[in-house]
Amino acid sequence: MKVIIPHQTEELKIIHAQKLIIQNLNVSSPFLYARSPLWIDSFFDDELPLKSQIKLITKITINPPKITQNLKKNENLIYCDVQIQLKDSVINSKLELCNLLQNITNDDFSSINKQFLQVDFSDFPSHLKIFRLGELQHLQKNSIAISDFCWCKLR
């Protein structure tokens, strides 16, 4: 599978958003943790070489964070929708930001959602200009790595 890895300067903006979310929502007790690594699934055709695929990308937009009502432990709770524009189509993906440490109730979710809506996400939408497209490799059960990658700078 191919993944998009933001450049460090872009990654710092995303990490800043993660910190804001965790700081504002983990007030009463810790129940969220930051998701890492910050990679975007690209859903590209695995048959094409990386350099051919990178030439197809014209724009990548990371939209403001959203909260979903997955209330089970280890589920993706907060994410950003990502649009990857190609020369002839658009791929919709997600950038997972935060997961749950423990299950939460519907009542807890209501208060969390209210706090979430108060967080300032003025850095979004963000347009990725510099990134790597990499080949994801599963090493072991809980171990992943990038086996090959190439850099891209969009105009």
Enumerate, atom names and distances included, each donor-acceptor pair closer than 3.5 Å involving a side-chain atom of residues 112-123, sequence neighbours excluded.
| unit_1 | atom_1 | unit_2 | atom_2 | d |
| --- | --- | --- | --- | --- |
| Asp120 | OD1 | Ser122 | N | 3.2 |
| Asp120 | OD2 | Ser122 | OG | 3.4 |

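Nearest approach of Cys150 to Ile54, heavy atoms of both residues: O-CD1, 3.6 Å. Here the closest heavy-atom approach between residue Phe131 and residue Pro6 is recorded as CB-CA, 4.2 Å. Residues Lys2 and Leu48 come closest through the heavy atom pair NZ-O, 4.0 Å.
Residues in residues 50-59 take part in no side chain to side chain donor-acceptor pair (under 3.5 Å) pair, two or more places apart or across chains.
With sequence neighbours left out, Ser42 forms a side-chain hydrogen bond (donor to acceptor under 3.5 Å, both in side chains) with no residue at all. Residues passing the side-chain hydrogen bond (donor to acceptor under 3.5 Å, both in side chains) test with Asn24: none are found, sequence neighbours excluded. Applying the side-chain hydrogen bond (donor to acceptor under 3.5 Å, both in side chains) rule to Thr61 yields the partners His127; only residues at least two apart in sequence or on another chain are considered. With sequence neighbours left out, the ring pair (Phe, Tyr, Trp, His ring centres under 6.0 Å) criterion links His7 to Trp151.
Side-chain contact check for Cys80 versus Asn63: every heavy-atom pair is 4.5 Å or farther apart. At a threshold of 4.5 Å between non-hydrogen side-chain atoms, the residues Asn92 and Asp81 do not count as touching. A heavy-atom distance below 4.5 Å is not found between the side chains of Ile62 and Lys13. Contact of the Ile14 side chain with the Leu97 side chain is registered, since non-hydrogen atoms from C-beta on lie closer than 4.5 Å. At a threshold of 4.5 Å between non-hydrogen side-chain atoms, the residues Ile144 and Leu136 count as touching.
The closest donor-acceptor contact from the side chain of Glu10 to the backbone of Lys129 lies at 3.5 Å or more, if one exists at all. Counting only distance, with no hydrogens or angles, the side chain of Glu135 and the backbone of Met1 share a donor-acceptor pair below 3.5 Å.
Under a hydrophobic clustering in which Ile, Leu, Val, Met, Phe, Trp and Tyr are joined whenever their side-chain heavy atoms come within less than 4.5 Å, directly or via other members, Ile146 and Leu38 fall into different clusters. Residues Ile4 and Ile130 do not share a hydrophobic cluster, clusters being chains of Ile/Leu/Val/Met/Phe/Trp/Tyr side chains in contact below 4.5 Å. By the rule that hydrophobic residues join a cluster once side-chain heavy atoms approach within less than 4.5 Å of another member, Trp39 and Leu128 end up as members of separate clusters. Both Ile84 and Leu154 sit in one connected hydrophobic cluster of ILVMFWY residues. Membership requires side-chain heavy atoms under 4.5 Å apart, directly or through other members.
Residue Ile40 is tested with Leu133, Leu95, Ile5 for a side chain to side chain contact (heavy atoms under 4.5 Å, CB included); the sole match is Leu95.
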